[in-house]
Amino acid sequence: MEKHIQTFLNKISYLAITIATLTLILVFLFQPPPETCINPNHKPHPKSSCDAAHRHLTTIHNKNHRLWSTNTWRKSVDSFSAIFRDLQTLKHISNRTHALILSAGGGQAVMSLKEIGLHDVTGVELVDSPPLVSRADPHNLPFFDRVFDLGFSANLDQALFPSRYVRELERTVRVGGVVVVCVEVCENGGVMEVLKLFRRSEFSQARNVTLMGSKMTMIVTRRIESIS
């Protein structure tokens with residue numbers, strides 16, 4: 001008797017499994033997908049949130065046009081222009097000057113020099129910003145010795161290795177050329193500390209300036225053969 005009952009129960013189990021399997025198959029085949037999975041443009045369903053996000057592609061020209069038309073950018077360029085015009089007045093630079101801008105950021109100083117008449121201006125930064133700034137390590141510049149007439153930096157304070165930074169700046173400027181740095185505003189003692197980094201330049205002058213809204217001290221040196 002127990003054998004018949006066990007056989008009957010087994011048949012019921014098999015029948016239940018079969019019905020459940022058929023039900024799942026029918027649900028899978030005929031139930032419509034959720035609305036969130038339907039792409040109204042009939043494009044392949046995105047595989048990730050990055051694929052699904054709409055990103056408007058733009059050209060470098062359009063990106064730069066938006067950036068360069070902002071008041072912040074214009075004020076920054078103008079503040080550099082005031083400094084470079086002073087250097088022009090002092091006969092440190094001219095329209096024929098071959099200039100190097102170290103740690104040039106987005107290229108405000110490069111644009112400033114071009115606007116006041118210089119045609120040969122090179123800006124370098126760890127991250128490039130075409131067309132004004134190329135990528136290069138300021139501690140290991142990819143230029144030959146003595147190829148520039150002017151070496152300029154407004155970011156010596158942020159250099160990881162200030163002595164190497166200045167050494168590369170001096171190396172690439174010709175004898176008789178000008179090396180100019182702007183640092184956090186300082187008195188005579190601070191200027192002397194900065195000048196200790198310069199091994200191939202002699203002091204010309206120092207003055208306080210306003211650059212990008214901040215008070216800074218500009219130190220101008222003249223490149224010579226060496227300092228004993």
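By the rule that hydrophobic residues join a cluster once side-chain heavy atoms approach within less than 4.5 Å of another member, Leu102 and Phe144 end up as members of one cluster. Hydrophobic cluster membership is shared by Phe80 and Val121, with clusters built from Ile, Leu, Val, Met, Phe, Trp and Tyr side chains linked at under 4.5 angstrom. Ile83 and Leu100 fall into different hydrophobic clusters, defined by Ile, Leu, Val, Met, Phe, Trp and Tyr side-chain heavy atoms under 4.5 Å apart, directly or through other members. A continuous path of ILVMFWY side-chain contacts below 4.5 Å connects Met212 to Ile101, so both sit in one hydrophobic cluster. The cluster map of Ile, Leu, Val, Met, Phe, Trp and Tyr, joined by side-chain heavy atoms under 4.5 Å apart, puts Phe143 and Val110 in different clusters.
Heavy-atom neighbours of Asn188 CG from other residues, nucleotides or ligands within 6.0 Å: at or below the threshold of 12. The environment of CZ in Phe203 is crowded: more than 12 heavy-atom neighbours from other residues, nucleotides or ligands sit within 6.0 Å. The number of heavy-atom neighbours closer than 6.0 Å to CZ of Arg74, taken from other residues, nucleotides and ligands shown, is above 12. Atom CG of Asp145 has more than 12 neighbouring heavy atoms from other residues, nucleotides or ligands inside a 6.0 Å radius.
By the 30° and 60° cut-offs, the orientation of the rings of Phe152 relative to Phe84 is perpendicular.
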Residues Val209, Arg207; criterion side-chain contact (heavy atoms from CB on, under 4.5 Å); working and verdict: CA-CA 6 Å; Val209 297; Arg207 56 179 297 186; 4.3 Å; yes

Show your working on side-chain hydrogen bond (donor to acceptor under 3.5 Å, both in side chains) between Ser134 and Asp128 and close with a plain yes or no. CA-CA 5 Å; Ser134 301; Asp128 62 345; over 6 Å; no

Apply side-chain contact (heavy atoms from CB on, under 4.5 Å) to residues Leu169 and Val181 and explain how you reach the verdict. CA-CA 10 Å; Leu169 192 57; Val181 295; 4.0 Å; yes

Does Leu150 form a side-chain contact (heavy atoms from CB on, under 4.5 Å) with His98? I'd like the steps, not just the answer. CA-CA 6 Å; Leu150 167 70; His98 185 191; over 6 Å; no

Would Ser112 and Ser81 satisfy side-chain hydrogen bond (donor to acceptor under 3.5 Å, both in side chains), going step by step from the backbone distance to the final call? CA-CA 5 Å; Ser112 172; Ser81 296; 2.7 Å; yes

Run the salt bridge (Lys or Arg N to Asp or Glu O under 4.0 Å) test on Arg167 and Glu170 for me, step by step, so that the C-alpha distance in whole Å, both residues' side-chain angles and the decisive distance to 0.1 Å come before the verdict. CA-CA 5 Å; Arg167 184 170 68 241; Glu170 287 186 299; over 6 Å; no

Stepwise, does the side-chain contact (heavy atoms from CB on, under 4.5 Å) test hold for Ile93 with Leu113? CA-CA 10 Å; Ile93 60 175; Leu113 283 173; 4.2 Å; yes

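Thr221 places a side-chain N or O within 3.5 Å of a backbone atom of Val179 that can act as its donor or acceptor partner. Remark: the backbone N or O of Leu67 is paired with a side-chain donor or acceptor of Thr70 at under 3.5 angstrom. Checked by atom type and distance alone, the side chain of Ser79 never pairs as donor or acceptor with a backbone atom of Leu211 at under 3.5 Å.
Between Thr210 and Lys215, the closest side-chain pair of non-hydrogen atoms falls below 4.5 Å. Leu118 places none of its side-chain heavy atoms less than 4.5 Å from the side chain of Ser94. Residues Arg223 and Arg200 form a side-chain contact, since some pair of their non-hydrogen atoms from C-beta on lies under 4.5 Å apart. Counting heavy atoms from C-beta on, the side chains of Thr122 and Val133 never come closer than 4.5 Å. With a 4.5 Å cut-off on side-chain heavy atoms, Val124 and Arg135 do not count as touching. You'll find the side chain of Thr97 stays beyond 4.5 Å of the side chain of Asp120, heavy atoms only. Side-chain contact check for Val191 versus Thr217: some heavy-atom pair is nearer than 4.5 Å. Put simply, the side chain of Ile116 reaches to within 4.5 Å of the side chain of Arg85, judged on heavy atoms.
Annotation for Trp73 and Gly107: closest pair CH2-C, 3.9 Å, computed over non-hydrogen atoms. Of all the heavy atoms in His139 and Phe161, the pair that sits closest is NE2-N, 3.2 Å. Between Val194 and Phe198, the shortest heavy-atom contact is O-CD1, 3.5 Å. Taking all atoms of both residues into account, the shortest heavy-atom contact from Asp149 to Val173 is O-CG1, 4.0 Å. Nearest approach of Pro131 to Asn64, heavy atoms of both residues: CD-ND2, 3.3 Å. When all heavy atoms of Met216 and Glu184 are compared, the pair lying nearest together is CE-N, 4.3 Å.
To the nearest 0.5 Å, the span separating SG on Cys182 from CD1 on Ile219 amounts to 8.5 Å. To the nearest 0.5 Å, atom CE of residue Met218 and atom CD of residue Gln205 are 6.0 Å apart. Between atom CG of residue Leu160 and atom CZ of residue Arg164 there is a gap of 9.0 Å, rounded to the nearest 0.5 Å. Going from atom CG of Asp78 over to atom CE of Met111 covers 11.0 Å, rounded to the nearest 0.5 Å. The CD atom of Gln108 sits 11.5 Å away from the CD atom of Glu115 when rounded to the nearest 0.5 Å. Between Asn140 atom CG and Tyr165 atom OH the span is 14.0 Å, to the nearest 0.5 Å.
In this structure, a donor-acceptor pair under 3.5 Å is present between the side chains of His92 and Arg222. For the 3.5 Å distance criterion, the side chains of Asp86 and Thr89 fail to qualify, holding no donor opposite an acceptor. Between the side chains of Glu125 and Ser103, not a single donor N or O lies within less than 3.5 Å of an accepting N or O.
Residues Arg171 and Glu168 are paired through a salt bridge, judged by an N-O separation under 4.0 Å between the basic side chain and the carboxylate.
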